[in-house]
Amino acid sequence: MVDVITYVLDANVFIEAARRYYAFDLAPAFWRALIEHAIQGRVLSIDRIGMA
């Protein structure tokens with residue numbers, strides 16, 4: 001059996017990618033691949049942390 005690595009990404013990963021390296025209009029394949037990995041459960045993101 002092959003172990004599948006799951007990555008947990010926070011908002012900063014998405015913000016920096018969009019602003020610096022992989023703008024939506026310049027690298028749409030990056031964002032499509034990210035969505036596909038999320039659908040397959042290989043990439044997860046954290047939910048916003050609320051204030052108590």
Side-chain angles (χ1 to χ4, degrees):
M1 183 160 89
V2 177
D3 291 330
V4 176
I5 298 173
T6 303
Y7 296 93
V8 180
L9 307 177
D10 67 356
N12 190 55
V13 172
F14 303 112
I15 293 167
E16 288 296 312
R19 287 185 181 168
R20 295 181 185 242
Y21 309 108
Y22 304 107
F24 298 114
D25 57 340
L26 296 177
F30 170 80
W31 298 101
R32 284 193 300 269
L34 193 61
I35 291 168
E36 185 60 33
H37 287 299
I39 290 169
Q40 295 172 0
R42 287 188 242 146
V43 172
L44 305 173
S45 184
I46 61 173
D47 196 1
R48 176 175 57 171
I49 299 172
M51 299 298 286

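If you read the sequence from its start, that first residue is 1, and numbering goes on from there.
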Checklist outcome for this item: In short, salt bridge (Lys or Arg N to Asp or Glu O under 4.0 Å) pairs touching residues 24-37 with sequence neighbours left out are none
Item to check | Within-4.5 Å side-chain heavy-atom neighbours: Phe14 and Leu34 | outcome: yes
Checklist entry - With the 4.5 Å side-chain cut-off for hydrophobic clustering, are Tyr21 and Val43 part of the same group? => result yes
Item to check | Pairs where residues 5-19 contributes a residue and the test salt bridge (Lys or Arg N to Asp or Glu O under 4.0 Å) is met, not counting sequence neighbours | outcome: Glu16-Arg20
Checklist entry - Which other residues end up in the same hydrophobic cluster as Ile35, if Ile, Leu, Val, Met, Phe, Trp and Tyr are linked when side-chain heavy atoms come under 4.5 Å apart? => result Ile39
Item to check | Greater than 12 external heavy atoms within 6.0 Å of Phe30's CZ | outcome: yes
Checklist entry - Is it the case that one hydrophobic cluster holds both Leu9 and Phe24, taking links as side-chain heavy atoms less than 4.5 Å apart, direct or via other members? => result yes
